[in-house]
Amino acid sequence: GNAGDYLWIQENLKELPTNEKTSLISQENLENKLRKLGPKSIEAFNANMEDGFKYGAYRWKKDVLKEIPDIDKFQKHFIATNVVFNDDNKTTPCRVVKDMSRKGWNGLSLNDCMLKGGSSLNNLQDTLYHLRTSETIAIGDIKKMYWMFKTPPKTWSLCRFWYKRNGMASDDPWEEVVITTSDFGATGAQSMANASLDKAIVDNIEPKDPQLAKECKDKKYVDDLIITSPRSEPIAPKLNLVKEGLGQAGLHLKDWIISGEGSEDQSVELGPQQNQVAEKCLGFKYFPKKDLIALNAKLNYSPKIRGRRTEKDLESGKVAKHVEKHGLTKKNTVTSNMQIFDLTGLALPLVMRSRLMYRNLLLSQPSLGWNEQLNDANKSNWIALTEELLKLDGKTWKRSVIPLDWNGDPAWLIIFCDGSDEASVVVAYLRFPLKGSGYSASIISVSYTHLRDHETYLHIVCRLLLEKKNGVGGG
(Lines give C-alpha, C1' and ligand atoms only; values in the text may rest on other atoms or scores of the structure.)
Protein backbone atom coordinates (compact mmCIF):
# COMPACT_ATOMS: atom_id res chain seq x y z
CA GLY A 1 0.00 0.00 0.00
CA ASN A 2 0.87 3.69 -0.02
CA ALA A 3 2.05 5.31 3.19
CA GLY A 4 2.93 8.83 4.28
CA ASP A 5 2.34 11.38 6.99
CA TYR A 6 1.64 15.05 7.49
CA LEU A 7 4.48 17.46 8.26
CA TRP A 8 3.98 18.25 11.93
CA ILE A 9 4.89 21.41 13.83
CA GLN A 10 6.05 19.78 17.04
CA GLU A 11 5.93 22.87 19.29
CA ASN A 12 2.23 23.38 18.44
CA LEU A 13 1.43 19.68 18.65
CA LYS A 14 2.64 19.57 22.25
CA GLU A 15 0.00 22.21 23.19
CA LEU A 16 -2.90 20.69 21.21
CA PRO A 17 -5.94 20.01 23.45
CA THR A 18 -7.85 16.72 23.16
CA ASN A 19 -11.25 18.37 22.36
CA GLU A 20 -12.90 15.10 23.43
CA LYS A 21 -16.02 16.60 25.02
CA THR A 22 -16.47 19.52 22.60
CA SER A 23 -16.17 17.15 19.65
CA LEU A 24 -18.94 14.94 21.05
CA ILE A 25 -21.18 17.97 21.56
CA SER A 26 -20.54 19.02 17.95
CA GLN A 27 -21.53 15.56 16.69
CA GLU A 28 -24.74 15.68 18.75
CA ASN A 29 -25.56 19.09 17.27
CA LEU A 30 -24.87 17.81 13.75
CA GLU A 31 -27.17 14.85 14.36
CA ASN A 32 -29.97 17.21 15.43
CA LYS A 33 -29.48 19.32 12.31
CA LEU A 34 -29.60 16.24 10.09
CA ARG A 35 -32.85 15.18 11.77
CA LYS A 36 -34.35 18.57 10.91
CA LEU A 37 -33.22 18.24 7.28
CA GLY A 38 -35.04 14.91 7.03
CA PRO A 39 -34.47 11.21 6.27
CA LYS A 40 -32.86 11.74 2.84
CA SER A 41 -30.13 13.92 4.35
CA ILE A 42 -29.49 11.40 7.14
CA GLU A 43 -29.34 8.56 4.61
CA ALA A 44 -26.91 10.48 2.36
CA PHE A 45 -24.65 11.33 5.31
CA ASN A 46 -24.59 7.76 6.62
CA ALA A 47 -23.92 6.37 3.12
CA ASN A 48 -20.93 8.70 2.77
CA MET A 49 -19.61 7.57 6.15
CA GLU A 50 -20.04 3.91 5.20
CA ASP A 51 -17.80 4.54 2.18
CA GLY A 52 -15.09 5.64 4.60
CA PHE A 53 -15.33 2.37 6.52
CA LYS A 54 -15.52 0.34 3.30
CA TYR A 55 -12.27 1.83 1.97
CA GLY A 56 -10.52 1.51 5.32
CA ALA A 57 -10.20 5.27 5.85
CA TYR A 58 -12.27 5.04 9.06
CA ARG A 59 -11.92 2.30 11.68
CA TRP A 60 -13.62 1.76 15.01
CA LYS A 61 -11.12 2.34 17.78
CA LYS A 62 -12.26 -0.85 19.55
CA ASP A 63 -11.22 -2.84 16.48
CA VAL A 64 -7.89 -1.01 16.23
CA LEU A 65 -7.13 -1.84 19.89
CA LYS A 66 -6.98 -5.53 18.96
CA GLU A 67 -4.10 -4.83 16.56
CA ILE A 68 -2.49 -1.86 18.30
CA PRO A 69 -3.07 -2.17 22.08
CA ASP A 70 -1.01 0.99 22.69
CA ILE A 71 -3.17 3.25 20.52
CA ASP A 72 -4.52 5.05 23.61
CA LYS A 73 -0.99 5.74 24.85
CA PHE A 74 -0.41 8.04 21.88
CA GLN A 75 -1.42 11.69 22.02
CA LYS A 76 -5.19 12.05 21.50
CA HIS A 77 -7.19 14.64 19.62
CA PHE A 78 -10.85 14.61 18.57
CA ILE A 79 -12.22 16.48 15.58
CA ALA A 80 -15.72 17.55 14.57
CA THR A 81 -17.61 16.63 11.41
CA ASN A 82 -19.40 18.92 8.97
CA VAL A 83 -21.44 18.07 5.90
CA VAL A 84 -22.03 19.94 2.65
CA PHE A 85 -24.87 18.99 0.31
CA ASN A 86 -24.72 19.84 -3.39
CA ASP A 87 -27.61 18.33 -5.35
CA ASP A 88 -26.12 19.61 -8.64
CA ASN A 89 -22.96 17.53 -8.16
CA LYS A 90 -23.63 14.17 -9.83
CA THR A 91 -20.56 12.43 -8.38
CA THR A 92 -20.55 13.85 -4.82
CA PRO A 93 -24.00 15.21 -3.82
CA CYS A 94 -23.06 14.80 -0.13
CA ARG A 95 -19.55 15.56 1.10
CA VAL A 96 -18.62 14.85 4.72
CA VAL A 97 -15.74 17.06 5.86
CA LYS A 98 -13.67 16.56 8.97
CA ASP A 99 -13.28 19.97 10.61
CA MET A 100 -9.61 19.91 11.51
CA SER A 101 -9.58 23.71 11.77
CA ARG A 102 -11.86 23.74 14.83
CA LYS A 103 -10.03 25.61 17.61
CA GLY A 104 -9.60 24.20 21.09
CA TRP A 105 -9.75 26.15 24.36
CA ASN A 106 -6.24 27.56 23.79
CA GLY A 107 -6.85 28.64 20.19
CA LEU A 108 -5.02 25.71 18.55
CA SER A 109 -6.54 23.36 15.96
CA LEU A 110 -5.12 20.20 14.42
CA ASN A 111 -4.45 22.11 11.20
CA ASP A 112 -2.42 24.62 13.20
CA CYS A 113 -0.07 21.76 14.04
CA MET A 114 0.75 20.73 10.46
CA LEU A 115 2.48 22.35 7.52
CA LYS A 116 0.58 22.79 4.29
CA GLY A 117 3.48 21.64 2.15
CA GLY A 118 4.47 23.01 -1.22
CA SER A 119 2.05 24.04 -3.95
CA SER A 120 0.97 20.67 -5.28
CA LEU A 121 -1.73 21.64 -7.77
CA ASN A 122 -1.04 22.28 -11.42
CA ASN A 123 -2.37 25.56 -12.79
CA LEU A 124 -6.03 25.13 -13.70
CA GLN A 125 -5.83 27.51 -16.67
CA ASP A 126 -2.80 25.65 -18.04
CA THR A 127 -4.69 22.38 -17.64
CA LEU A 128 -7.61 23.79 -19.61
CA TYR A 129 -5.23 25.09 -22.29
CA HIS A 130 -3.76 21.59 -22.58
CA LEU A 131 -7.24 20.12 -22.87
CA ARG A 132 -8.28 22.54 -25.63
CA THR A 133 -5.07 22.32 -27.70
CA SER A 134 -5.03 18.52 -27.83
CA GLU A 135 -6.64 16.35 -30.47
CA THR A 136 -7.82 13.18 -28.67
CA ILE A 137 -8.25 13.33 -24.89
CA ALA A 138 -9.10 10.89 -22.13
CA ILE A 139 -10.04 12.02 -18.62
CA GLY A 140 -9.60 9.58 -15.74
CA ASP A 141 -10.76 10.15 -12.17
CA ILE A 142 -8.87 8.29 -9.41
CA LYS A 143 -11.34 6.66 -7.03
CA LYS A 144 -11.23 8.04 -3.47
CA MET A 145 -7.67 9.27 -4.00
CA TYR A 146 -7.13 10.83 -0.57
CA TRP A 147 -8.21 7.63 1.15
CA MET A 148 -5.62 5.58 -0.72
CA PHE A 149 -2.70 6.93 1.33
CA LYS A 150 -2.24 5.50 4.82
CA THR A 151 -0.89 7.43 7.80
CA PRO A 152 0.92 5.95 10.86
CA PRO A 153 -0.97 4.95 14.06
CA LYS A 154 0.28 8.01 15.97
CA THR A 155 -1.55 10.16 13.41
CA TRP A 156 -4.66 7.98 13.70
CA SER A 157 -4.78 8.85 17.39
CA LEU A 158 -4.75 12.56 16.54
CA CYS A 159 -7.61 12.13 14.06
CA ARG A 160 -10.42 10.71 16.21
CA PHE A 161 -14.11 11.50 15.98
CA TRP A 162 -17.44 10.24 17.35
CA TYR A 163 -19.94 8.18 15.37
CA LYS A 164 -22.60 5.46 15.83
CA ARG A 165 -22.41 1.89 14.56
CA ASN A 166 -25.71 2.18 12.71
CA GLY A 167 -25.27 5.78 11.68
CA MET A 168 -26.65 9.16 12.62
CA ALA A 169 -30.14 9.22 14.14
CA SER A 170 -29.81 5.59 15.30
CA ASP A 171 -30.24 4.59 18.96
CA ASP A 172 -26.68 3.28 19.20
CA PRO A 173 -24.19 4.84 21.66
CA TRP A 174 -21.43 7.11 20.42
CA GLU A 175 -18.13 5.35 19.76
CA GLU A 176 -14.63 6.49 18.87
CA VAL A 177 -13.48 6.25 15.25
CA VAL A 178 -9.96 6.90 13.96
CA ILE A 179 -9.02 8.18 10.49
CA THR A 180 -6.25 5.98 9.08
CA THR A 181 -5.55 7.85 5.80
CA SER A 182 -5.05 11.35 4.50
CA ASP A 183 -8.35 13.21 4.71
CA PHE A 184 -9.94 16.10 2.85
CA GLY A 185 -10.13 18.35 5.92
CA ALA A 186 -6.40 18.30 6.72
CA THR A 187 -4.22 21.22 5.64
CA GLY A 188 -1.44 18.87 4.57
CA ALA A 189 -3.65 16.28 2.86
CA GLN A 190 -3.49 17.73 -0.63
CA SER A 191 0.29 18.01 -0.64
CA MET A 192 0.69 14.53 0.82
CA ALA A 193 -1.74 12.88 -1.62
CA ASN A 194 -0.29 14.58 -4.68
CA ALA A 195 3.28 13.77 -3.66
CA SER A 196 2.25 10.14 -3.14
CA LEU A 197 0.52 10.08 -6.54
CA ASP A 198 3.63 11.52 -8.20
CA LYS A 199 5.72 8.79 -6.55
CA ALA A 200 3.33 6.12 -7.85
CA ILE A 201 3.69 7.56 -11.36
CA VAL A 202 7.50 7.67 -11.13
CA ASP A 203 7.77 4.15 -9.71
CA ASN A 204 5.30 2.38 -11.99
CA ILE A 205 4.86 4.36 -15.22
CA GLU A 206 8.12 6.25 -15.78
CA PRO A 207 10.31 3.11 -16.27
CA LYS A 208 8.06 1.99 -19.14
CA ASP A 209 7.23 5.37 -20.72
CA PRO A 210 9.00 8.50 -19.35
CA GLN A 211 7.06 10.88 -21.61
CA LEU A 212 3.70 9.46 -20.51
CA ALA A 213 4.79 9.71 -16.87
CA LYS A 214 5.66 13.38 -17.40
CA GLU A 215 2.25 14.00 -18.96
CA CYS A 216 0.52 12.31 -16.02
CA LYS A 217 2.42 14.47 -13.52
CA ASP A 218 2.26 17.78 -15.38
CA LYS A 219 -1.32 17.64 -16.64
CA LYS A 220 -3.22 16.18 -13.70
CA TYR A 221 -5.52 18.28 -11.56
CA VAL A 222 -6.23 16.94 -8.05
CA ASP A 223 -7.54 13.42 -8.78
CA ASP A 224 -8.18 13.91 -12.52
CA LEU A 225 -5.66 12.71 -15.11
CA ILE A 226 -5.80 14.11 -18.65
CA ILE A 227 -4.09 11.94 -21.27
CA THR A 228 -3.83 13.07 -24.89
CA SER A 229 -2.77 11.75 -28.27
CA PRO A 230 -2.84 12.84 -31.93
CA ARG A 231 -5.93 11.76 -33.86
CA SER A 232 -3.69 9.60 -36.04
CA GLU A 233 -2.59 7.44 -33.07
CA PRO A 234 -4.70 5.18 -30.83
CA ILE A 235 -4.93 6.41 -27.26
CA ALA A 236 -5.82 3.01 -25.74
CA PRO A 237 -2.20 1.77 -25.24
CA LYS A 238 -1.40 4.85 -23.14
CA LEU A 239 -4.57 4.44 -21.06
CA ASN A 240 -3.86 0.76 -20.44
CA LEU A 241 -0.33 1.57 -19.27
CA VAL A 242 -1.59 4.28 -16.89
CA LYS A 243 -4.29 1.99 -15.48
CA GLU A 244 -1.82 -0.86 -15.01
CA GLY A 245 0.87 1.36 -13.44
CA LEU A 246 -1.46 3.07 -10.96
CA GLY A 247 -3.10 -0.27 -10.17
CA GLN A 248 0.30 -1.57 -9.03
CA ALA A 249 0.27 1.25 -6.48
CA GLY A 250 -3.25 0.40 -5.30
CA LEU A 251 -4.82 3.33 -7.18
CA HIS A 252 -7.85 2.64 -9.32
CA LEU A 253 -9.48 4.75 -12.02
CA LYS A 254 -13.13 5.17 -12.83
CA ASP A 255 -14.06 4.54 -16.46
CA TRP A 256 -12.12 6.76 -18.86
CA ILE A 257 -14.06 9.57 -20.55
CA ILE A 258 -12.69 9.59 -24.11
CA SER A 259 -13.40 12.22 -26.76
CA GLY A 260 -15.50 10.92 -29.61
CA GLU A 261 -16.62 7.85 -27.65
CA GLY A 262 -19.55 6.95 -25.47
CA SER A 263 -22.49 4.61 -25.30
CA GLU A 264 -25.90 5.53 -26.65
CA ASP A 265 -27.16 6.53 -23.22
CA GLN A 266 -24.32 9.01 -22.93
CA SER A 267 -25.03 10.89 -26.14
CA VAL A 268 -27.53 11.45 -28.91
CA GLU A 269 -26.25 11.80 -32.46
CA LEU A 270 -29.22 13.93 -33.50
CA GLY A 271 -31.69 16.00 -31.54
CA PRO A 272 -31.52 18.65 -28.79
CA GLN A 273 -28.33 19.01 -26.76
CA GLN A 274 -30.11 18.62 -23.43
CA ASN A 275 -30.88 14.97 -24.22
CA GLN A 276 -27.20 14.13 -23.83
CA VAL A 277 -25.73 13.04 -20.54
CA ALA A 278 -23.10 15.60 -19.46
CA GLU A 279 -19.91 14.93 -17.53
CA LYS A 280 -18.44 17.75 -15.44
CA CYS A 281 -15.05 18.70 -16.82
CA LEU A 282 -13.00 21.48 -15.18
CA GLY A 283 -16.13 23.45 -14.38
CA PHE A 284 -17.78 22.77 -17.76
CA LYS A 285 -20.19 20.21 -19.04
CA TYR A 286 -18.46 17.88 -21.48
CA PHE A 287 -20.17 15.87 -24.15
CA PRO A 288 -17.55 13.27 -25.12
CA LYS A 289 -19.44 11.78 -28.07
CA LYS A 290 -19.62 15.09 -29.93
CA ASP A 291 -16.48 16.41 -28.22
CA LEU A 292 -18.19 19.60 -27.07
CA ILE A 293 -17.86 21.62 -23.88
CA ALA A 294 -20.76 23.61 -22.52
CA LEU A 295 -20.93 26.47 -20.06
CA ASN A 296 -22.71 26.15 -16.73
CA ALA A 297 -24.68 29.35 -16.12
CA LYS A 298 -26.91 28.56 -13.14
CA LEU A 299 -27.83 31.63 -11.09
CA ASN A 300 -29.31 31.46 -7.62
CA TYR A 301 -29.37 34.32 -5.10
CA SER A 302 -30.94 32.38 -2.23
CA PRO A 303 -28.95 31.60 0.96
CA LYS A 304 -27.48 28.15 1.57
CA ILE A 305 -28.18 25.74 4.40
CA ARG A 306 -25.56 22.96 4.58
CA GLY A 307 -24.58 23.69 0.99
CA ARG A 308 -28.14 23.60 -0.36
CA ARG A 309 -29.83 26.66 -1.82
CA THR A 310 -33.16 27.43 -0.19
CA GLU A 311 -34.81 28.39 -3.50
CA LYS A 312 -34.76 26.93 -7.02
CA ASP A 313 -32.38 28.31 -9.64
CA LEU A 314 -33.52 31.40 -11.50
CA GLU A 315 -35.49 30.60 -14.66
CA SER A 316 -35.27 32.44 -17.95
CA GLY A 317 -38.23 34.78 -18.39
CA LYS A 318 -39.08 34.76 -14.68
CA VAL A 319 -36.34 36.93 -13.17
CA ALA A 320 -38.54 40.02 -12.78
CA LYS A 321 -41.19 37.97 -10.98
CA HIS A 322 -38.51 36.53 -8.65
CA VAL A 323 -37.18 40.02 -7.84
CA GLU A 324 -40.69 41.31 -7.23
CA LYS A 325 -41.22 38.55 -4.66
CA HIS A 326 -37.79 38.37 -3.00
CA GLY A 327 -36.20 41.73 -3.79
CA LEU A 328 -32.65 42.36 -5.06
CA THR A 329 -29.85 43.37 -2.70
CA LYS A 330 -26.22 44.35 -3.10
CA LYS A 331 -25.30 40.90 -1.78
CA ASN A 332 -27.40 39.26 -4.53
CA THR A 333 -25.49 41.13 -7.25
CA VAL A 334 -22.14 39.97 -5.86
CA THR A 335 -23.43 36.39 -5.74
CA SER A 336 -24.42 36.52 -9.42
CA ASN A 337 -20.96 37.80 -10.34
CA MET A 338 -19.35 34.76 -8.70
CA GLN A 339 -21.58 32.00 -10.07
CA ILE A 340 -20.52 31.76 -13.72
CA PHE A 341 -17.22 29.88 -13.98
CA ASP A 342 -15.56 30.34 -17.38
CA LEU A 343 -11.80 29.85 -17.57
CA THR A 344 -11.77 30.17 -21.38
CA GLY A 345 -13.09 33.72 -21.19
CA LEU A 346 -15.38 33.06 -24.14
CA ALA A 347 -18.40 34.25 -22.12
CA LEU A 348 -16.57 37.29 -20.73
CA PRO A 349 -18.07 39.86 -23.14
CA LEU A 350 -21.33 39.30 -21.27
CA VAL A 351 -19.94 38.39 -17.85
CA MET A 352 -17.78 41.55 -17.89
CA ARG A 353 -20.91 43.65 -18.25
CA SER A 354 -22.08 42.22 -14.95
CA ARG A 355 -18.85 43.28 -13.26
CA LEU A 356 -18.99 46.76 -14.76
CA MET A 357 -22.63 47.07 -13.74
CA TYR A 358 -21.66 46.23 -10.15
CA ARG A 359 -19.05 49.00 -10.23
CA ASN A 360 -21.69 51.43 -11.51
CA LEU A 361 -23.99 50.27 -8.70
CA LEU A 362 -21.35 51.26 -6.14
CA LEU A 363 -21.01 54.66 -7.78
CA SER A 364 -24.74 55.34 -8.05
CA GLN A 365 -25.62 54.03 -4.55
CA PRO A 366 -22.38 54.54 -2.55
CA SER A 367 -23.97 54.11 0.90
CA LEU A 368 -25.94 50.98 0.00
CA GLY A 369 -25.75 48.32 2.72
CA TRP A 370 -24.93 44.67 2.05
CA ASN A 371 -28.55 43.53 2.51
CA GLU A 372 -30.28 46.69 1.30
CA GLN A 373 -32.39 46.90 -1.85
CA LEU A 374 -31.22 48.37 -5.15
CA ASN A 375 -33.14 51.36 -6.45
CA ASP A 376 -35.66 50.82 -9.25
CA ALA A 377 -33.29 51.87 -12.06
CA ASN A 378 -30.51 49.52 -10.93
CA LYS A 379 -32.99 46.69 -10.37
CA SER A 380 -34.27 47.07 -13.91
CA ASN A 381 -30.74 46.94 -15.33
CA TRP A 382 -29.83 43.84 -13.28
CA ILE A 383 -33.01 42.01 -14.27
CA ALA A 384 -32.31 42.60 -17.97
CA LEU A 385 -28.68 41.52 -17.64
CA THR A 386 -29.57 38.43 -15.60
CA GLU A 387 -31.98 37.31 -18.32
CA GLU A 388 -29.11 37.55 -20.82
CA LEU A 389 -26.71 35.66 -18.54
CA LEU A 390 -29.18 32.79 -18.15
CA LYS A 391 -29.11 32.32 -21.92
CA LEU A 392 -25.44 31.28 -21.60
CA ASP A 393 -26.39 28.04 -19.83
CA GLY A 394 -25.71 25.06 -22.05
CA LYS A 395 -24.05 27.04 -24.84
CA THR A 396 -21.53 24.72 -26.47
CA TRP A 397 -18.36 24.98 -28.50
CA LYS A 398 -15.75 22.56 -29.77
CA ARG A 399 -13.47 21.24 -27.06
CA SER A 400 -10.42 21.09 -29.34
CA VAL A 401 -9.30 24.16 -31.27
CA ILE A 402 -7.28 21.98 -33.68
CA PRO A 403 -9.21 21.52 -36.96
CA LEU A 404 -9.65 18.04 -38.42
CA ASP A 405 -7.96 19.10 -41.67
CA TRP A 406 -4.89 20.75 -40.11
CA ASN A 407 -1.88 20.02 -42.36
CA GLY A 408 0.52 19.69 -39.41
CA ASP A 409 2.53 22.85 -40.11
CA PRO A 410 3.15 25.21 -37.16
CA ALA A 411 0.16 27.20 -35.94
CA TRP A 412 0.35 30.95 -35.42
CA LEU A 413 -0.55 32.64 -32.14
CA ILE A 414 -2.34 35.93 -32.92
CA ILE A 415 -3.07 38.38 -30.11
CA PHE A 416 -5.27 41.49 -30.19
CA CYS A 417 -5.18 44.05 -27.38
CA ASP A 418 -7.51 47.00 -26.83
CA GLY A 419 -8.96 49.00 -23.98
CA SER A 420 -10.88 51.98 -22.73
CA ASP A 421 -11.19 53.84 -19.44
CA GLU A 422 -13.59 51.12 -18.26
CA ALA A 423 -11.83 47.89 -19.23
CA SER A 424 -9.06 46.27 -21.23
CA VAL A 425 -9.11 43.07 -23.23
CA VAL A 426 -6.61 40.63 -24.71
CA VAL A 427 -7.94 38.07 -27.19
CA ALA A 428 -5.70 35.22 -28.38
CA TYR A 429 -6.33 33.11 -31.49
CA LEU A 430 -4.57 30.07 -32.89
CA ARG A 431 -4.40 30.13 -36.72
CA PHE A 432 -3.92 26.72 -38.33
CA PRO A 433 -2.88 26.09 -41.96
CA LEU A 434 -5.21 23.56 -43.58
CA LYS A 435 -4.61 20.76 -46.05
CA GLY A 436 -4.87 22.00 -49.63
CA SER A 437 -5.20 25.71 -48.88
CA GLY A 438 -6.68 28.16 -46.42
CA TYR A 439 -6.56 28.64 -42.67
CA SER A 440 -8.72 28.05 -39.62
CA ALA A 441 -8.67 30.43 -36.64
CA SER A 442 -10.00 29.59 -33.16
CA ILE A 443 -10.19 31.70 -30.02
CA ILE A 444 -8.02 30.09 -27.37
CA SER A 445 -8.25 32.68 -24.58
CA VAL A 446 -9.95 35.95 -23.67
CA SER A 447 -8.78 38.05 -20.73
CA TYR A 448 -10.33 41.24 -19.37
CA THR A 449 -9.24 43.73 -16.72
CA HIS A 450 -11.23 46.59 -15.25
CA LEU A 451 -8.64 49.27 -15.99
CA ARG A 452 -6.58 50.26 -18.98
CA ASP A 453 -3.26 48.81 -17.85
CA HIS A 454 -0.49 48.17 -20.37
CA GLU A 455 1.50 46.19 -17.80
CA THR A 456 -1.46 43.79 -17.66
CA TYR A 457 -1.33 43.52 -21.45
CA LEU A 458 2.36 42.66 -21.29
CA HIS A 459 1.87 40.04 -18.58
CA ILE A 460 -0.93 38.25 -20.46
CA VAL A 461 0.87 38.38 -23.81
CA CYS A 462 4.10 36.99 -22.32
CA ARG A 463 2.16 34.19 -20.64
CA LEU A 464 0.45 33.25 -23.90
CA LEU A 465 3.75 33.32 -25.76
CA LEU A 466 5.24 30.98 -23.16
CA GLU A 467 2.23 28.67 -23.54
CA LYS A 468 2.72 28.72 -27.30
CA LYS A 469 6.37 27.76 -26.91
CA ASN A 470 5.43 24.77 -24.78
CA GLY A 471 2.19 23.92 -26.58
CA VAL A 472 1.09 23.66 -30.19
CA GLY A 473 4.14 25.55 -31.43
CA GLY A 474 4.47 27.60 -34.56
CA GLY A 475 5.21 30.89 -36.12
J.: Can Thr386 and Tyr301 be said to form a side-chain hydrogen bond (donor to acceptor under 3.5 Å, both in side chains), step by step?
T.: CA-CA 11 Å; Thr386 301; Tyr301 301 150; 3.2 Å; yes
J.: Asp99 and Thr81: side-chain donor and acceptor closer than 3.5 Å?
T.: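 There is no such pair between these side chains.
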J.: Taking all non-hydrogen atoms of both residues into account, name the closest pair between Val242 and Cys216 and its distance.
T.: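 Of all heavy-atom pairs spanning Val242 and Cys216, the closest is CG2-SG, 3.8 Å.
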J.: May I ask you to test the Glu215-Ile226 pair for a side-chain heavy-atom distance under 4.5 Å?
T.: no
J.: Just one of Tyr58, Trp174, Phe78 clears the ring pair (Phe, Tyr, Trp, His ring centres under 6.0 Å) bar with Trp162, so which one?
T.: Phe78
J.: To the nearest 0.5 Å, what is the distance between CZ (Arg399) and OG (Ser134)?
T.: 6.5 Å
J.: Does the side chain of Leu292 come within less than 4.5 Å of Trp397's, by heavy atoms?
T.: no
J.: Rounded to the nearest 0.5 Å, how far apart are CG of Leu16 and CE of Met114?
T.: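 If we round to the nearest 0.5 Å, Leu16:CG and Met114:CE are 9.5 Å apart.
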J.: Are more than 12 heavy atoms from other residues, nucleotides or ligands located less than 6.0 Å from atom CD of Gln373?
T.: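 Yes, CD of Gln373 has more than 12 neighbouring heavy atoms, counting only those of other groups under 6.0 Å.
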J.: Evaluate the criterion side chain to side chain contact (heavy atoms under 4.5 Å, CB included) for residue pair Lys330 and Asn371; output intermediate values, then yes/no.
T.: CA-CA 6 Å; Lys330 179 180 177 181; Asn371 292 305; over 6 Å; no
J.: Would you indicate whether the side-chain heavy atoms of Arg353 and Glu388 approach each other to under 4.5 Å?
T.: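 The answer is yes, as the side chains (C-beta and beyond) meet within the 4.5 Å cut-off.
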J.: Hey, does the side chain of Gln27 reach the backbone of Ala80 with a donor-acceptor pair shorter than 3.5 angstrom?
T.: no
J.: Under 6.0 Å from the ring centre and within 45 degrees of the ring axis: does the NZ or CZ of Arg95 meet both conditions for the six-membered ring of Phe184?
T.: yes
J.: Please step through salt bridge (charged side-chain N to carboxylate O under 4.0 Å, His left out) for the pair Lys220 and Asp198, ending with a clear verdict.
T.: CA-CA 10 Å; Lys220 70 180 188 299; Asp198 283 347; 2.7 Å; yes
J.: Do Thr155 and Asp5 get their side chains close enough for a donor-acceptor pair, meaning under 3.5 Å?
T.: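 Yes - a donor-acceptor pair under 3.5 Å links their side chains.
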J.: Determine, stepwise, if the pair Tyr286 / Asp291 fulfils side-chain hydrogen bond (donor to acceptor under 3.5 Å, both in side chains).
T.: CA-CA 7 Å; Tyr286 178 50; Asp291 205 11; 2.7 Å; yes
J.: When you measure from the side chain of Ser400 to the backbone N and O of Thr133, does any donor-acceptor pair fall under 3.5 Å?
T.: no
J.: Salt bridge check, Glu31 against Arg35: does any charged N sit closer than 4.0 Å to a carboxylate O?
T.: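 Looking at Arg35 and Glu31, the cut-off is met.
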J.: Please report the closest heavy-atom contact between Arg231 and Thr136, naming both atoms and the distance.
T.: CA-OG1, 3.8 Å
J.: Is there a side-chain contact between Asp313 and Leu299 in this structure, where contact means two heavy atoms from C-beta onward sitting under 4.5 Å apart?
T.: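 Of all side-chain heavy-atom pairs linking Leu299 with Asp313, none is under 4.5 Å.
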J.: Around Trp105, counting heavy atoms of other residues, nucleotides and ligands shown, do more than 12 lie under 6.0 Å from its CH2?
T.: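 12 or below, so no.
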J.: Looking at Asp112 and Lys103, does any basic side-chain N land under 4.0 Å from a carboxylate oxygen?
T.: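 Salt bridge: yes.
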J.: Could you measure the distance from the CZ atom of Arg160 to the NZ atom of Lys98? Nearest 0.5 Å is fine.
T.: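 Answer rounded to 0.5 Å: 15.5 Å.
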J.: A side-chain contact here means heavy atoms from C-beta on lying under 4.5 Å apart; do Trp382 and Leu328 qualify?
T.: yes
J.: Are any of the side-chain heavy atoms of Asn360 and Tyr358 separated by less than 4.5 Å?
T.: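 Answer no - side chains too far apart.
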J.: Between Ser364 and Asn378, which heavy-atom pair has the shortest distance, and what is it?
T.: OG-ND2, 3.1 Å
J.: Considering non-hydrogen atoms only, spot the tightest contact between Met148 and Leu251 and give its length.
T.: CB-CD2, 3.4 Å
J.: Out of curiosity, Gln190 CD to Met145 CE, how far, rounded to the nearest 0.5 Å?
T.: 8.0 Å
J.: Is a side-chain N or O of Ser109 found less than 3.5 angstrom from the main chain of Arg102, in a donor-acceptor match?
T.: no
J.: If every non-hydrogen atom of Asp183 is compared with every non-hydrogen atom of Tyr6, which pair is closest and at what distance?
T.: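 Taking every non-hydrogen atom into account, N-OH, 3.1 Å.
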J.: Between the side chains of Thr329 and Asn332, is a donor N or O closer than 3.5 angstrom to an acceptor N or O?
T.: yes
J.: Carefully, step by step, assess Leu350 and Leu385 under the rule side chain to side chain contact (heavy atoms under 4.5 Å, CB included).
T.: CA-CA 8 Å; Leu350 191 53; Leu385 180 60; 3.9 Å; yes
J.: Can you check whether Lys40's main-chain N or O pairs, donor with acceptor, with Glu43's side chain at less than 3.5 Å?
T.: no
J.: Could you walk me through whether Thr333 and Leu374 pass the side chain to side chain contact (heavy atoms under 4.5 Å, CB included) check?
T.: CA-CA 9 Å; Thr333 63; Leu374 276 62; 4.0 Å; yes
J.: For the backbone of Thr22 and the side chain of Ser26, can you confirm whether one donor and one acceptor N or O come within less than 3.5 Å of each other?
T.: yes
J.: Any idea which heavy atoms bring Asp409 and Pro433 closest together, and the distance?
T.: CB-CG, 3.7 Å
J.: Is the shortest heavy-atom distance from the side chain of Pro17 to the side chain of Asn106 under 4.5 Å?
T.: yes
J.: For a 4.5 angstrom cut-off between non-hydrogen side-chain atoms, does Leu389 reach Ser336?
T.: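 No. Closest side-chain heavy atoms not under 4.5 Å.
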J.: Out of curiosity, Met100 CE to Asn82 CG, how far, rounded to the nearest 0.5 Å?
T.: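 Between Met100 CE and Asn82 CG, I get 12.0 Å after rounding to 0.5 Å.
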J.: Begin with the C-alpha distance, continue with both residues' side-chain angles, and end with the deciding distance and a verdict on side-chain hydrogen bond (donor to acceptor under 3.5 Å, both in side chains) for Asn300 and Gln339.
T.: CA-CA 8 Å; Asn300 195 320; Gln339 287 184 333; 5.9 Å; no
J.: Would the distance check show the side chain of Asn111 and the main-chain N or O of Ala186 forming a donor-acceptor pair, the cut-off being under 3.5 Å?
T.: no
J.: Using modelled atom types and a 3.5 Å cut-off, is there a donor and acceptor pairing between side-chain atoms of Thr310 and backbone atoms of Pro303?
T.: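 Here the side-chain-to-backbone pair exists.
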J.: The test is side chain to side chain contact (heavy atoms under 4.5 Å, CB included); show your working for Phe416 and Tyr429 and say whether it passes.
T.: CA-CA 9 Å; Phe416 294 94; Tyr429 293 82; 3.8 Å; yes
J.: NZ of Lys379: more than 12 outside heavy atoms within 6.0 angstrom?
T.: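 Enclosed.
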J.: Return yes when atom CD of Glu324 has more than 12 non-hydrogen atoms of other residues, nucleotides or ligands closer than 6.0 Å, and no otherwise.
T.: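 No, because the 6.0 Å sphere around CD of Glu324 holds 12 heavy atoms or fewer from other groups.
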J.: Is it true that the side chains of Arg431 and Ser440 contain a donor and an acceptor less than 3.5 Å apart?
T.: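 Looking only at side-chain atoms, Ser440 and Arg431 do not form any donor-acceptor pair under 3.5 Å.
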J.: Verify side-chain hydrogen bond (donor to acceptor under 3.5 Å, both in side chains) between Asn46 and Tyr163, making sure each step is shown before the conclusion.
T.: CA-CA 10 Å; Asn46 289 340; Tyr163 192 55; 2.9 Å; yes
J.: Roughly how far apart are Gln10 CD and Asn12 CG, rounded to 0.5 Å?
T.: 9.5 Å
